[in-house]
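For reference, positions follow the sequence shown, starting with 1.
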Amino acid sequence: MCGIFGYVGKRNDAGALAVEGLKNLEYRGYDSWGIACKTDGVVLIEKSTGKISTVDSNDFRESCSLAIGHTRWATHGGVTEFNAHPHANGDQKIAVVHNGILENYQELKKDLMEKGHEFLSETDTEVIPHLIEEYLKQTDDFAYAVRMACKDFDGRYAFLALHTESNTLVAARRGSPLIVGVGDDGYFVASDIPAFMEHTKLVQYLDDGEMVVTNGDNIIFSDLETGDEVVKREIEITWSIEQAQKGEFEHYMLKEIMDQKESVARAVNQNEEQIYTLAEAIRNAKGTFLVGCGTAAKACMAAEYFFSVIAEKHVNFAPASEFKLYHHFLLPESLLIVVSQSGETADVLEAMKIAKSKGSKVLAIVNVEGSTIDREADYTLLINAGPERAVASTKALTGQMAVLLLIAYTLADKTQEGKRLLLETSSKINDMLNPRYVEFVESIAEKIQEKSDLFIIGKSWNYPMALESAIKIQEVSYVHAEGFAGGELKHGPIALIEEGTPCIALVGNDEVKADIISNAIELKARGGHIIGISPENNEVFDEWIKVPDAGAAQAIVNIIPVQALAYFLAVKRGKDPDMPRNLAKSVTVK
Ligand code: G6P
């Protein structure tokens, strides 16, 4: 949610670096963009509505070795040039880019206005440079003034600030991510690693309540509250630049769907000792809860079935945003399993806070190593899917489900059986995702692209996949899509089925197969056009998208053609699947 980027160092093309860095953060927001460059004692700010991807970095080649930039997902104030970041104080000497929400900005703004400050935007962010200006009346030390200002803020933030009178880049973090890239010729500070990965793979993580001050030669991390210096390790990241790029694909979404040829196997490749320890923790816990948001929440829902069917173990799923009222059930011996691609989702972090306040332990299943959730959890399992850039989550979901299924098998003392099943499934996915298959899915998208409504049904672990299918289709193609448990349709939604309404049935060779086929027959009797996603054909299907038979891993396989269908529906309807309207990939606000 909003991407921020800063550079200070020996290079004199900091503005261009900021433009290129922000292009790699566009998945975090793409309403508007802006750059501030400090050059010859002045701060030059350029900003605009629209996408940073359309900006040519050659237009930012003027000599500058200190710059900050922002790509926005609007929260406070509409999408206008005035509301775009960077924001500056009255005399334009201090510029700030910010990710997060300052909850008390209205009070701060009122106080500042009484002191004569004038505001140009509707944002919460604009109070930051004005407040820093106030503190600079008491000190010459820019970093100290930033630290004092932070003491007045309530809410979540990560921001970068620069000042005409100082050659330093100052950054502070409370609740939203910030990572330092240690370059050969300067320092980068950004919301996420892809922003500077082209320049360095050495990183240092800021923790909540910390700030960093760098002049490009030196860097000092300190505690926002006390000002005490904090020593940081340099960590080398393992992702490659190629993994983070689109390569031959037109969109990240398609690339990431195709990445599932290998990513499921990478997720399964876990340290067995660790999996045993975690299974033991679940076995001994007084209550295990599973939370996530959006697509990750659907992995959690599927896992409820995995744990029930494979390990005969009851776990409790709740969307992270609904977890607050579960705190009555939490004990110090309870376990919270959180699932998140980014490791930064605000509602998930909130759920962790609730669990920790009750003394419960937290297990995280995340994709982004070093993310806040990774660092704040008691145990972490990484799914190793590689960078996921498209807003619509695809390979992270299948990786999350693979890890959860492996844990369920371990809990049932069948780790090797689970591993074998998942590795076989991975190789079946590899075979399935061949060019002819993808073209076939595209041809189905071609047939239904004009339809305005679409329904998806599933049972057992295919029920959460029906819900996930609806999310995928809605978010990228804007077609009205709804997922249901097959048996629920006749209790209401079946009234919506008309002649030719596309209905996708997610089927497996399992104990609920006959039931879901009956549900498909009920839909067909009302005119539904049935698209079966199933290992075997059935006479009720008008279209059949064949998937390999994957036993207990069927949900992992069945969702993949729907991801591809959603992708092609978006493209055929002229939408950009990587940057769907109104959405952002990393949701760092509640
Ligand atoms: C956003 C994204 C979704 C994602 C959800 C949870 O809404 O658009 O694709 O599933 O956040 O994100 P997380 O990073 O916690 O998995």
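Donor-acceptor pairing under 3.5 Å is lacking for the side chains of Y157 and D124. Between the side chains of E20 and S57, at least one donor-acceptor pair of N or O atoms lies under 3.5 Å. Residues S393 and E388 have side chains that bring a donor and an acceptor to within less than 3.5 angstrom of each other. Checking H251 against Y567 by side-chain atom types alone, a donor-acceptor pair falls below 3.5 Å. In this structure, a donor-acceptor pair under 3.5 Å is present between the side chains of N83 and T80. There is a side-chain donor-acceptor pair under 3.5 Å between D152 and Y135. A donor and an acceptor atom, one from each side chain of T125 and R72, are nowhere located under 3.5 Å apart. Side-chain N/O atoms of T295 and E468 include a donor and acceptor closer than 3.5 Å.
Of the charged side-chain nitrogens involved, none lies within less than 4.0 Å of a carboxylate oxygen, so that R156 and E103 do not count as a salt-bridged pair. A salt bridge is defined here as a Lys NZ or Arg NE, NH1 or NH2 lying under 4.0 Å from an Asp or Glu carboxylate O, and D184 with R11 fails to meet this definition.
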Check against side chain to side chain contact (heavy atoms under 4.5 Å, CB included), T380 and R375: CA-CA 8 Å; T380 299; R375 280 172 305 125; over 6 Å; no

CA sep, side-chain torsions, deciding dist, call: F289, I354, side chain to side chain contact (heavy atoms under 4.5 Å, CB included): CA-CA 12 Å; F289 298 83; I354 294 165; over 6 Å; no

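Figure legend: cation-pi geometry between K109 and F119, with NZ or CZ positioned under 6.0 Å from the six-membered ring centre and within 45° of its axis. Both the sub-6.0 Å distance and the 45° axial angle are not jointly satisfied by R174 relative to the ring of F153.
Shown are L160, L162, I132; of these, the side-chain contact (heavy atoms from CB on, under 4.5 Å) with V96 is made only by I132.
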